[in-house]
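Just so it is clear, the structure is predicted and the values come from calculations on it, not from any experiment. Chain identifiers are assigned alphabetically (A, B, ...) following the order of the sequence lines, protein sequences preceding nucleic acid strands; residue numbering begins at 1 within each chain.
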Number of protein chains: 2
Amino acid sequence: MPDTEHPEDKEFMTTLAKGLAVLGAFGRERPTLTLAEAAGVADLSRATARRVLRTLTQLGYVEQNGRAFSLSPRILDLGFAYLSTQSWIERALPPMRELSERLGESCSAAILQGNDVVYVARVPARRIMSAALSVGSRLPALHTALGRVLLGYLDEAELWRRLKSQRIEAYTPQTITDLQALFDRVSADRAQRFSIVDEELERGLRALAVPVCDRNGQAVGAINLSTHSTRTTRNEMRQQFLPELNRIADVVSSMTI
Amino acid sequence: MPDTEHPEDKEFMTTLAKGLAVLGAFGRERPTLTLAEAAGVADLSRATARRVLRTLTQLGYVEQNGRAFSLSPRILDLGFAYLSTQSWIERALPPMRELSERLGESCSAAILQGNDVVYVARVPARRIMSAALSVGSRLPALHTALGRVLLGYLDEAELWRRLKSQRIEAYTPQTITDLQALFDRVSADRAQRFSIVDEELERGLRALAVPVCDRNGQAVGAINLSTHSTRTTRNEMRQQFLPELNRIADVVSSMTI
DNA sequence: CGCCGGCGTTCGATATTCGAACATTCGTTC
DNA sequence: GAACGAATGTTCGAATATCGAACGCCGGCG
């Protein structure tokens with residue numbers, strides 16, 4: 001798992017990679033780590049893991065309490081730095097919150113990275129008590145409305161290349177797995193400038209997404225509203241969600257470099 | 001500025017520190033960096049900066065577009081991992097959102113780190129259009145309600161040590177700068193188990209905060225409601241905000257390890 | 001008390017990092 | 001397009017930062 005070696009690249013700094021591998025070992029499943037655990041997870045010797053943790057502690061990214069090491073809130077600076085370089089996210093958030101509250105549904109923003117969408121903002125509906133999705137979460141682009149609208153901005157050759165090079169998984173009986181059908185969906189969504197994805201990733205989950213574009217017409221991200229198929233029909237989504245999302249996307253887009 | 005040397009510690013990994021210094025150079029003021037700019041900001045040779053950026057790019061934390069390097073959304077994995085290690089934040093968010101919406105005020109959660117409070121969750125009031133405060137933001141603990149209640153959990157010697165060792169700044173005419181007065185405020189707030197801070201950091205800004213404690217009675221963080229002095233009296237805050245915040249803190253606290 | 005597991009320390013070997021000098025590419029101006 | 005300067009890419013021997021094995025220390029448990 002830990003990516004700490006690139007023998008073909010003489011410029012690759014293995015020490016830096018080791019450090020980041022240890023940082024990446026902390027998370028929901030591992031809120032704290034002992035020295036030996038860190039060494040095991042990151043596949044390092046105990047002495048190297050110790051040096052890494054001491055360095056990270058002295059830099060303020062990790063805290064030590066007895067034998068337990070844990071992330072320090074200073075690590076938030078790194079994640080926050082990314083968001084602060086994307087001004088459109090900051091501008092989209094207030095209207096997204098208002099919309100989520102008014103419609104009683106979750107509203108999210110994401111970008112396309114490789115074959116995933118990465119969530120960069122999320123306003124969960126009030127009734128949602130878990131944090132299955134949050135900033136930084138990733139989902140397969142091909143089977144989410146957010147991903148579908150963003151894939152529409154690739155040229156056709158690149159879209160085909162991506163379709164052919166990834167393993168397409170059926171998450172539900174509704175998941176579209178045929179390459180031509182997926183290509184046609186993305187193309188149709190590009191033409192209509194929104195996407196509805198219906199129970200392809202999770203039973204009951206239905207979402208509508210629109211792109212957010214910069215001044216050159218390039219997509220910088222997308223925003224969506226998600227709902228449950230028992231609550232909202234596709235027509236209702238088109239009639240109620242689409243104009244709202246387009247309004248936000250237009251306001252945000254007109255100011256995006 | 002970049003912290004890349006600790007000559008007294010033989011275990012300090014300078015290569016890792018250099019890499020993190022370059023990562024830390026990106027932000028709102030520097031969304032993209034050229035190789036030479038990165039070298040300058042992080043105070044590294046060009047060759048070292050180049051190695052760092054190449055390594056970070058290969059690990060996926062940085063992207064290169066021509067001569068420009070920028071943070072990749074993959075950095076969100078590192079940056080937001082802290083939040084996923086703190087389960088109380090996740091549990092506090094839904095009721096905080098509901099409360100913020102109902103009262104029409106901003107509701108936040110923060111932890112104490114050194115002399116700062118660090119915001120770990122924030123639900124802005126709907127009318128607030130800017131993102132001056134967000135997850136990761138820091139403010140001086142001594143002059144915020146969130147900080148005051150958390151400082152109350154330090155022992156008295158430690159509190160005095162902190163008072164004496166930091167520079168106390170007067171942000172407004174209302175800012176309390178006398179050490180004894182500050183000590184007395186923190187002590188009084190500890191006894192009453194909430195804090196109201198009134199225009200000490202920013203004119204017009206008034207906030208009430210309560211602590212969130214774990215099962216051992218130790219404070220893990222605090223939550224607040226903030227308002228403007230033209231909208232809410234201190235008595236109204238005590239009568240309307242305090243029971244609401246205490247209700248949330250109690251629910252969250254009873255489940256906190 | 002003894003044992004064991006986990007962590008701290010030490011230090012010589014070596015793997016990694018370093019940067020200066022040269023080569024190549026890119027962007028700007030005319 | 002050509003010329004030029006700035007920025008970046010490449011190379012390689014020297015320097016040094018990193019490595020881990022072995023021993024020491026500490027705390028918890030039987």
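- A donor-acceptor pair under 3.5 Å links the side-chain atoms of A:D155 to the main chain of A:A157, judged by distance alone.
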Passes side chain to side chain donor-acceptor pair (under 3.5 Å), A:R54 versus A:Q64? Steps please. CA-CA 9 Å; A:R54 286 202 55 145; A:Q64 183 176 10; over 6 Å; no
Can you give one letter per nucleotide of nucleotides 19-30 of chain D, 5' to 3': B if a protein heavy atom sits under 4.0 Å from the base, S if only from the sugar-phosphate, - if neither? BB----------
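- Here the closest non-hydrogen pair linking A:L56 and A:G19 is CD1-O, 4.1 Å.
- Between the CG atom of B:D43 and the P atom of C:dC18 there is a distance of 13 Å, rounded to whole Å.
- Whole-Å rounding puts the A:E37 CD to C:dG6 P distance at 9 Å.
- In this structure, A:L33 places its CG atom 15 Å from C1' of C:dG6, rounding to the nearest Å.
- Side-chain contact between A:K18 and A:L16: absent, with no pair of heavy atoms (C-beta onward) separated by less than 4.5 Å.
- We find that CZ of A:R54 is positioned 14 Å from P of C:dC7, with the value rounded to whole Å.
- The distance from atom CZ of B:F69 to atom P of D:dA7 is 14 Å, rounded to the nearest whole Å.
- Few gaps surround CZ on B:R74; more than 12 heavy atoms of other groups in view lie less than 6.0 Å from it.
- Of the charged side-chain nitrogens involved, at least one lies within less than 4.0 Å of a carboxylate oxygen, so that A:E90 and B:R28 count as a salt-bridged pair.
- For the pair A:L16 CG and C:dT16 C1', the computed distance is 13 Å after rounding to whole Å.
- Between C:dT10 and B:K10, a contact under 4.0 Å exists linking OP1 or OP2 to a side-chain N or O.
- As rounded to whole Å, 14 Å separates atom C1' of C:dC26 from atom CG of B:L35.
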